[in-house]
Number of protein chains: 2
Amino acid sequence: MRINTVFEAISHPVRRQILTLLKAGPMSAGELAGHFDLTKPTLSVHFNKLRDAELVAVERRGTSLIYHLNMSILEEALSGLLGKKDQTP
Amino acid sequence: MRINTVFEAISHPVRRQILTLLKAGPMSAGELAGHFDLTKPTLSVHFNKLRDAELVAVERRGTSLIYHLNMSILEEALSGLLGKKDQTP
DNA sequence: ACTCTAATTAGATGAATATCTAAATATTGA
DNA sequence: TCAATATTTAGATATTCATCTAATTAGAGT
């Protein structure tokens, strides 16, 4: 886990909102995009950053890409900062 | 608490390292700066961002400025993201 | 008041980020 | 194979960020 990539990823409000939406369950790229006043290409860039951080996983279903939350990465990163030992690179 | 300011603040590895150093106890600006290969003005900018996020508090002692960790802000912000309810602005 | 030390603010610069429009890719179904 | 749908990649631009050097502020001691 690249801890720095994770913290970079969650530094943007739109990306945190994406994670929050995915807590309710997996969702397609288009459905997620519908929750924002941003173009799909812009959202796609945000998805990529979340995927690079392994905060989400993606699965293709037909023409749609379904995004899933990977909660454990989030927990690991945040508990690292909250806990005693240093995990900052 | 401006949640976005908090997540912005902890997105940079140097600032996370500062927080980690302060877990051991309060420390002066100069002492903190000694832990990094960066100039003092650069560190000063990082301190300001942590202070804006209220992640640290500052107290003057003579010519020194002593930084203290404010752990509760960190806990609030991170548990907001980990928990069920959305706190993203 | 002067000087020393500690730290900050100001100003400049190069790199990174977020966003858009336009074009490309992938999958499905007629 | 052609067309439609879903999504991404490419390229451009404006803004923000991290960093440096130089100058400034604040306090303590002589």
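In what follows, every chain begins at residue 1, and chains take the letters A, B, ... in the order their sequences are listed.
The ring pair (Phe, Tyr, Trp, His ring centres under 6.0 Å) contacts involving residues 53-81 of chain A comprise A/Phe47-A/Tyr67, where partners must be two or more places apart or lie in separate chains. Evaluation of the ring pair (Phe, Tyr, Trp, His ring centres under 6.0 Å) test over residues 16-45 of chain A, restricted to residues two or more places apart or in two chains, returns none. The salt bridge (charged side-chain N to carboxylate O under 4.0 Å, His left out) contacts involving residues 52-72 of chain A comprise A/Glu59-A/Arg61, where partners must be two or more places apart or lie in separate chains.
Think of the region where chain B sits on DNA chain D: with heavy atoms and a 4.0 Å cut, that region ends 5' and 3' at D/dC17 to D/dA28.
With sequence neighbours left out, A/Thr42 forms a side-chain hydrogen bond (donor to acceptor under 3.5 Å, both in side chains) with A/Thr39. In terms of the side chain to side chain contact (heavy atoms under 4.5 Å, CB included) criterion, residue partners of A/Lys49 (sequence neighbours excluded) are, by chain and number, A/Arg15, A/Val45. Residues meeting the side-chain hydrogen bond (donor to acceptor under 3.5 Å, both in side chains) test with A/Thr5, sequence neighbours left out: none. B/Thr63 is linked by a side-chain hydrogen bond (donor to acceptor under 3.5 Å, both in side chains) to nothing, counting only residues two or more places apart in sequence or in another chain.
Near DNA chain D, meaning a heavy atom under 4.0 Å from it, residues 25-33 of chain A has A/Ser28, A/Ala29, A/Gly30 in order of number. Residues from residues 58-70 of chain A that place a heavy atom under 4.0 Å from any atom of DNA chain D, listed by number: A/Thr63, A/Ser64, A/Leu65, A/Tyr67.
Considering all non-hydrogen atoms of both residues, B/Leu82 and A/Leu74 come closest at CD2-CG, 4.0 Å. Residue A/Met27 comes nearest to A/Leu32 through the heavy atom pair SD-CD2, 3.6 Å, listed as atom of the first residue, atom of the second, then distance.
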Identify the pairs formed between an N or O of the protein and an N or O of nucleotides 15-23 of chain C at a distance under 3.5 Å, and give each distance.
| from | atom 1 | to | atom 2 | distance (Å) |
| --- | --- | --- | --- | --- |
| C/dT17 | OP1 | A/Glu8 | OE1 | 3.4 |
| C/dA18 | OP1 | A/Arg15 | NH2 | 3.4 |
| C/dA18 | OP2 | A/Lys49 | NZ | 3.3 |
| C/dT19 | OP2 | A/His46 | NE2 | 2.6 |
| C/dC20 | OP2 | A/Thr39 | N | 3.2 |
| C/dC20 | OP2 | A/Thr39 | OG1 | 3.1 |
| C/dC20 | OP2 | A/Thr42 | OG1 | 2.6 |

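The closest side-chain heavy-atom distance from A/Val56 to A/Leu19 is below 4.5 Å. In this structure, A/Leu78 and A/Val6 have side chains that are not in contact, with every pair of non-hydrogen atoms separated by 4.5 Å or more.
In this structure, the side chain of A/Ser44 does not engage the main chain of A/Pro41 through any donor-acceptor pair within 3.5 Å.
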